Amino acid sequence: MPVIQISCNKLTREKKRELVKRITEVSSEVMDLPESTITVLIREVPPEDVGVGGILLCDRE
């Protein structure tokens with residue numbers, strides 16, 4: 001029972017549906033497992049909580 005965790009920017013509900021569907025399809029194919037065994041967790045991370053190269057993403061916008 002694989003658990004796939006994705007940390008990303010804020011997404012619409014429709015984008016989340018698409019992401020979960022496609023990640024599940026590909027993972028199922030690659031791991032040769034039924035889609036019903038794949039769990040996908042989405043964690044939205046606001047830009048003020050992410051730093052790249054010493055700069056917060058919210059400060060780069």
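Throughout, residue positions are numbered sequentially from 1 according to the sequence presented. These numbers were taken from a predicted model, which means no experiment stands behind them.
Residue pairs meeting the salt bridge (Lys or Arg N to Asp or Glu O under 4.0 Å) criterion with at least one partner in residues 18-31, sequence neighbours excluded, are Glu18-Arg22, Lys21-Glu25. Under the side chain to side chain donor-acceptor pair (under 3.5 Å) criterion, the residue pairs touching residues 34-51 are Lys16-Glu44, with sequence neighbours excluded.
No path of Ile, Leu, Val, Met, Phe, Trp and Tyr side chains, each step under 4.5 Å between heavy atoms, connects Val26 with Ile23, placing them in separate hydrophobic clusters. In this structure, Val20 is a member of the same hydrophobic cluster as Met31, with clusters built from ILVMFWY side-chain heavy atoms closer than 4.5 Å.
Here Ile42 contributes atom CD1 and Arg17 contributes atom CZ; the two are 11.0 Å apart, rounded to the nearest 0.5 Å. Separating the OG1 atom in Thr24 from the CG atom in Leu33 is a distance of 11.5 Å, to the nearest 0.5 Å.
Counting heavy atoms from C-beta on, the side chains of Ile38 and Met1 never come closer than 4.5 Å.
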Q: Evaluate side-chain contact (heavy atoms from CB on, under 4.5 Å) for Leu56 paired with Val50, printing each intermediate quantity in order.
A: CA-CA 6 Å; Leu56 291 174; Val50 179; over 6 Å; no

Please output the side-chain donor-acceptor pairs of residues 4-11 that fall under 3.5 Å, not counting sequence neighbours, one pair per line with the distance.
none

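Here the closest non-hydrogen pair linking Pro34 and Ser28 is C-OG, 3.9 Å.
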